[in-house]
Amino acid sequence: MTADSNKNERYNGREAEIRWQKTWAERGIFATKNDDPRPKYYVLEMFPYPSGRIHMGHVRNYTMGDVVARYKRAMGNAVLHPMGWDAFGMPAENAAIDRKVHPKAWTYDNIAAMKKQLQSMGLSLDWAREIATCDPAYYKHQQKMFLDFLKAGLVERKQSKVNWDPVDQTVLANEQVIDGRGWRSGAEVEQRELTQWFFKISDYSEDLLEALDTLGRWPDKVRLMQKNWIGRSEGLLIRFMLDPATTPNKDTELEIFTTRPDTLFGAKFMALSPDHPLAQAAAAKNPKLAAFIAECKKMGTAQAEIDTAEKLGFDTGIKATHPFDPSWRLPVYVANFILMDYGTGAIFGCPAHDQRDLEFANKYGLGNTPVVCPPGQDPKTLVITNVPYLEDGTMINSRFLDGMTIERAKEEVAKRLERETRGNRPVAQRQVNYRLRDWGISRQRYWGCPIPIIHCDKCGVVPVPEKGLPVTLPEDVSFDKPGNPLDRHPTWKNVNCPTCSGPARRETDTMDTFVDSSWYFARFTDPWNDKAPTTPKAADEWLPVDQYIGGIEHAILHLLYSRFFTRAMRKCGMVGLDEPFAGLFTQGMVVHETYRAKSGDWIEPADVKIEGTGSSRRATLASTGEPVEIGSIEKMSKSKRNTVDPDEIISAYGADTARWFVLSDSPPERDVIWTEEGVQGSWRFVQRLWRLVGEIADIKAPSARPANFSDEAMKIRKAAHRALARVSDDVDKLRFNRCVAHIYELANALGDAIGGIEKVPGEGLAWALREAGDILVRLFHPMMPHLAEECWAALGHETLVATEAWPQVEPDLLVEGTITLPVQINGKKRAEVTVGRDATIAEIEAAVLALDEVKKALEGKSLKKVIVVPQRIVNVVV
RNA sequence: GCGGUCGUGGCGGAAUUGGUAGACGCACUAGCUUGAGGUGCUAGCGGGGCAACCCGUGGAGGUUCGAGUCCUCUCGACCGCACCA
């Protein structure tokens with residue numbers, strides 16, 4: 001297509017996009033080879049679950065990553081920008097149940113469909129490194145790692161209370177239980193005792209916490225969420241003596257954990273978890289207590305009830321002795337709010353300084369003694385009724401602690417009890433506790449990575465030997481009954497024991513799919529390797545991921561697991577680093593208005609016709625004219641039917657329009673509102689750029705750079721270089737909405753300049769316009785790559801803009817010869833003054849004082865001072 | 001309850017990090033084109049006032065020559081955690 005024909009023709013996005021995608025693929029320009037000597041840059045977007053179709057959230061996520069990838073490539077980096085599929089998981093099994101298709105067929109069909117959609121977006125991905133987690137070539141390494149981790153002591157099998165999802169019929173990790181419900185099914189989670197495989201993530205609690213400080217390019221919000229999730233607290237383990245006459249068994253002491261040893265003299269009771277061994281022992285002799293414990297357990301199953309649950313307790317009759325006073329006896333209760341799996345499952349209660357203890361003591365008439373006095377308050381007037389005092393203060397009613405600060409008192413108690421011994425052991429010791437629990441990975445599902453273990457009656461738990469890997473999923477399975485098809489399979493689980501060759505059974509649980517996504521970023525560094533997950537060399541070449549981009553919903557789950565996994569892989573010598581993601585960016589969602597018919601049914605945007613603007617905006621059903629209610633703006637979801645299909649947008653407007661729109665307007669970390677008007681605006685800009693470049697292409701420019709430029713030409717050159725400097729800076733900082741604004745500004749400036757030319761421009765001007773056109777096209781290339789190729793060709797270049805270097809800024813063009821400074825009088829802008837770039841403060845002051853506005857303001861008043869901020873502002877104070 | 005983020009035109013948002021508030025886009029208004037129906041161009045677009053000017057970044061104070069930006073209090077919206085001793 002010649003430049004001449006551009007002017008009156010619309011840019012046909014779809015036609016051009018398909019053509020350029022073909023060219024890129026044929027030339028293989030986005031394939032990345034290992035051992036590239038250039039500085040590396042690894043940009044990764046969270047890989048999708050192959051649900052069948054991409055949504056606008058994917059478009060936004062992958063466009064952002066693609067902008068970074070294309071920009072870094074132009075900056076001279078060897079860029080790794082791969083894509084894969086998080087392909088195991090429940091929906092494939094649900095499809096198998098609902099539609100009688102095999103999970104594997106369903107998954108691979110979806111992958112094929114979504115790959116086509118992603119390719120239509122023009123993403124600069126290295127498809128040669130594509131992986132799918134359900135591929136045995138992938139999960140065989142995962143099975144090997146499981147066995148390596150087992151050998152390294154990072155995996156254990158234990159019986160434990162687990163979260164059981166009664167709908168999905170599987171176990172869930174704590175992280176997958178949200179408000180007491182399964183994250184996927186939404187069903188209320190029950191507690192069950194099962195034998196499960198665990199990754200010992202808690203071995204790394206301290207390390208995972210401390211290393212958060214090193215993640216300077218992560219959002220503070222995510223680091224804080226992880227910090228809270230790990231939940232470190234420092235405290236004291238204290239052994240209380242029990243009165244033998246009152247104990248149900250041979251226990252002579254009770255160990256508790258507390259973070260407030262300073263409040264020991266405010267103690268009014270002890271409390272045990274219903275699951276505590278001492279509580280169990282007491283219950284064996286006391287049917288009423290047994291009934292109370294049973295009641296507690298029933299309540300524990302529905303976690304949502306916990307919010308409103310009353311503090312309930314049962315006095316066991318057991319008496320404990322205060323560690324600082326042998327004559328001081330404390331009653332031992334079983335209480336419903338004490339958790340067995342935190343600390344020791346037992347506490348001492350200080351009602352005056354703990355909300356829960358106070359509620360409990362008030363209910364059972366145990367009273368309270370304040371031991372911390374707020375600053376400035378007379379201890380005699382201090383009474384605690386319904387609100388405990390939790391702040392800092394001075395110790396009172398606490399014998400040898402009186403007068404101390406809380407900190408000092410904690411230290412004093414710790415010192416004294418550490419020194420004291422009973423049966424060769426100190427009465428107390430310092431301990432750090434974490435909220436973080438080990439990661440249970442067993443799932444009673446078919447479509448997941450099989451756990452490579454064999455159970456033998458003689459030899460017990462036996463790892464599958466390396467030559468037995470991968471343990472692949474059988475394909476002949478049925479989904480006509482609930483539960484795990486692997487367990488029901490007639491032959492699959494029957495094997496011979498690798499150790500004794502006797503009959504044995506395979507483990508039929510599969511791994512949590514979060515395991516699959518905990519190391520895929522490492523696999524991309526050497527996806528062809530069939531011996532190991534990756535090699536230390538390839539991992540060293542590419543890791544860490546320089547820029548990771550994805551949704552905030554993975555702030556804890558996926559990101560914490562991946563951090564753990566990287567440490568575990570390092571321990572086993574597979575990689576040489578701890579932190580997989582050096583930079584993390586969490587992008588906002590794509591949201592849209594909702595529409596509802598009179599019947600209450602949600603209506604899709606595509607079926608709605610909107611008329612009017614502002615408050616007179618009305619919506620009707622396009623087909624019938626029936627009025628439609630315009631609802632709130634919400635995350636695009638199938639249930640509210642407020643989705644917009646990327647395919648339809650791409651075929652109507654082209655991928656570049658869609659890409660441009662999701663980058664414009666909203667800052668990338670915030671939600672972006674999808675509107676039809678906004679998309680049309682983007683489409684108009686695509687057309688405008690095409691016309692503008694066509695006009696520039698028509699200008700005959702000299703081949704050599706002219707020696708001199710007119711003011712008009714300089715103005716254009718400055719505008720281009722200023723835009724270049726700003727866009728570069730903003731892409732670096734992922735501020736895509738500002739890049740968009742700067743590109744609009746440059747296009748506006750060039751449009752005005754060309755509109756102002758009456759006849760044939762002079763050499764300098766022509767050259768400046770061609771230069772600006774070349775810069776403009778390269779600036780918008782990362783965002784709208786197809787249009788950029790088309791424009792680049794129209795400007796007469798024979799190269800691909802996708803392989804062009806980023807333009808160089810001429811720093812001289814960023815500074816003006818003269819500067820116009822605002823002049824304030826008493827802080828209000830009253831005038832402007834234009835001075836030379838290098839004017840001294842004295843010169844500026846003199847120029848300001850000569851201004852009429854300043855003279856007028858000074859009439860009858862005296863000048864107090866003049867503040868000159870070079871390059872910024874002048875303030876005259878009178 | 002605890003922790004966090006954020007409040008700027010009709011809307012999405014800019015503001016060189018304490019220095020001309022409202023860049024850029026959307027919507028809107030007027031005019032000119034185009035011509036039949038998602039086109040292009042020009043101008044306007046925070047509020048008040050004829051004007052000089054005055055007011056204006058949720059609200060109230062404060063620090064400063066100067067505050068959208070910093071501090072205190074307060075109101076509102078959103079997010080995360082939630083019996084973790």
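Letters A, B, ... mirror the listed sequences (proteins, then strands); counts begin at 1.
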Rounded to whole angstrom, note down the [atom1] distance from [N] over to [M].
{"N": "B:G56", "M": "B:G7", "atom1": "C1'", "value": "16 Å"}
{"N": "B:G61", "M": "B:G80", "atom1": "C1'", "value": "32 Å"}
{"N": "B:G37", "M": "B:G44", "atom1": "P", "value": "31 Å"}
{"N": "B:G13", "M": "B:U8", "atom1": "C1'", "value": "9 Å"}
{"N": "B:G46", "M": "B:G9", "atom1": "C1'", "value": "5 Å"}
{"N": "B:G25", "M": "B:C73", "atom1": "P", "value": "41 Å"}
{"N": "B:A21", "M": "B:U69", "atom1": "P", "value": "14 Å"}
{"N": "B:G19", "M": "B:G66", "atom1": "P", "value": "15 Å"}

Paired nucleotide for [N] [Watson-Crick or G-U wobble; both distances under 3.5 Å]:
{"N": "B:U63", "result": "none"}
{"N": "B:C83", "result": "none"}
{"N": "B:C78", "result": "B:G4"}
{"N": "B:U34", "result": "none"}
{"N": "B:A23", "result": "none"}
{"N": "B:U17", "result": "none"}

Minimum-distance nucleotide (side-chain atoms of [X] versus [options]):
{"X": "A:Arg872", "options": "B:A85, B:G80, B:G19", "result": "B:G19"}
{"X": "A:Val877", "options": "B:A23, B:C65, B:C26", "result": "B:C65"}
{"X": "A:Arg691", "options": "B:C41, B:G19, B:A85", "result": "B:C41"}
{"X": "A:Thr259", "options": "B:C83, B:A85, B:C24", "result": "B:A85"}
{"X": "A:Trp229", "options": "B:C55, B:C81, B:C26", "result": "B:C81"}
{"X": "A:Ile338", "options": "B:A85, B:C79, B:C55", "result": "B:A85"}
{"X": "A:Lys865", "options": "B:C65, B:C83, B:A85", "result": "B:C65"}
{"X": "A:Asn228", "options": "B:G3, B:C79, B:A85", "result": "B:G3"}
{"X": "A:Ser666", "options": "B:G12, B:U39, B:C65", "result": "B:G12"}

May I ask you to say what [X] touches in the nucleic acid, namely base, sugar-phosphate or nothing, with a heavy-atom cut-off under 4.0 Å?
{"X": "A:Glu359", "answer": "nothing"}
{"X": "A:Asn737", "answer": "sugar-phosphate"}
{"X": "A:Ile256", "answer": "nothing"}
{"X": "A:Asn433", "answer": "nothing"}
{"X": "A:Gln680", "answer": "base"}
{"X": "A:Ser233", "answer": "sugar-phosphate"}
{"X": "A:Ser664", "answer": "nothing"}
{"X": "A:Val869", "answer": "base"}
{"X": "A:Glu676", "answer": "base"}
{"X": "A:Leu224", "answer": "sugar-phosphate"}
{"X": "A:Arg232", "answer": "nothing"}

* Asked: Should B:U8 be called syn or anti, with syn set as within 90° of 0?
  ->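 That one's anti.
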* To do: Syn or anti for B:G47, please, going by whether the chi angle lies within 90° of 0.
  => anti
Is the shortest side-chain N/O distance from [X] to OP1 or OP2 of [N] below 4.0 Å?
{"X": "A:Lys829", "N": "B:C53", "answer": "no"}
{"X": "A:Arg670", "N": "B:G13", "answer": "yes"}
{"X": "A:Arg684", "N": "B:C41", "answer": "no"}

* Specify the residue among A:Asn875 and A:Val740 whose closest nucleotide of RNA chain B lies further upstream toward the 5′ end. =>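 Taking each residue's closest nucleotide, the earlier one in sequence belongs to A:Val740.
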* Nearest-nucleotide comparison on RNA chain B, the residue closer to the 5′ end among A:Arg260 and A:Tyr744 ->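 Upstream on the strand: A:Tyr744.
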Length of the [atom1]-[atom2] vector between [X] and [N], whole Å:
{"X": "A:Ile633", "N": "B:G10", "atom1": "CD1", "atom2": "C1'", "value": "13 Å"}
{"X": "A:Lys733", "N": "B:U16", "atom1": "NZ", "atom2": "P", "value": "11 Å"}
{"X": "A:Gln824", "N": "B:A21", "atom1": "CD", "atom2": "C1'", "value": "12 Å"}
{"X": "A:Ile347", "N": "B:C83", "atom1": "CD1", "atom2": "P", "value": "14 Å"}
{"X": "A:Leu557", "N": "B:C81", "atom1": "CG", "atom2": "P", "value": "9 Å"}
{"X": "A:Leu559", "N": "B:G80", "atom1": "CG", "atom2": "C1'", "value": "15 Å"}
{"X": "A:Asp752", "N": "B:C41", "atom1": "CG", "atom2": "C1'", "value": "11 Å"}
{"X": "A:His742", "N": "B:C24", "atom1": "NE2", "atom2": "P", "value": "10 Å"}

* Asked: Thinking salt bridges, do A:Arg232 and A:Glu206 make one under a 4.0 Å N-O criterion?
  ->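 Result for this pair is yes, salt bridge flagged.
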* Asked: Ion pair present between A:Arg726 and A:Asp729, side-chain N to carboxylate O less than 4.0 angstrom?
  ->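 No, this pair does not count.
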* If only atom types and distance count, is the side chain of A:Arg659 paired as donor or acceptor with the main-chain N or O of A:Met784 below 3.5 Å? ->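 Looks like no, no N/O pair under 3.5 Å.
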* Asked: Under 3.5 Å, side chain of A:His353 to main-chain N/O of A:Leu390, donor-acceptor pair present?
  ->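 Checking the backbone N and O of A:Leu390 against the side chain of A:His353, no donor-acceptor pair under 3.5 Å is found.
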* Regarding A:Ser202 and A:Asp438, is there a side-chain donor-to-acceptor distance under 3.5 Å anywhere? -> yes
* **Validation row, ring centre A:Phe661 to ring centre A:Trp683 under 6.0 Å** => no
* **Test applied, ring-ring contact (aromatic ring centres under 6.0 Å, His included); reference residue, A:Phe269; option that passes from A:Phe314, A:Phe360, A:Phe348, A:Tyr364** => A:Phe360
* Using only heavy-atom distances, decide whether a donor-acceptor pair under 3.5 angstrom links the side-chain of A:Lys311 to the base of B:C83. =>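 Result: at least one qualifying N/O pair found.
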* Asked: Relative to the ring of A:Tyr342, is the ring of A:Phe257 parallel (under 30°), tilted (30 to 60°) or perpendicular (over 60°)?
  ->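 The arrangement is perpendicular - the two ring planes meet at more than 60°.
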* Angle class for the A:Phe685/A:Tyr744 ring planes (parallel below 30°, perpendicular above 60°, tilted otherwise)? -> tilted
* When you look at A:Arg260 and A:Val372, which way does the side-chain contact (heavy atoms from CB on, under 4.5 Å) test go after all the steps? -> CA-CA 11 Å; A:Arg260 294 296 303 271; A:Val372 181; 3.9 Å; yes
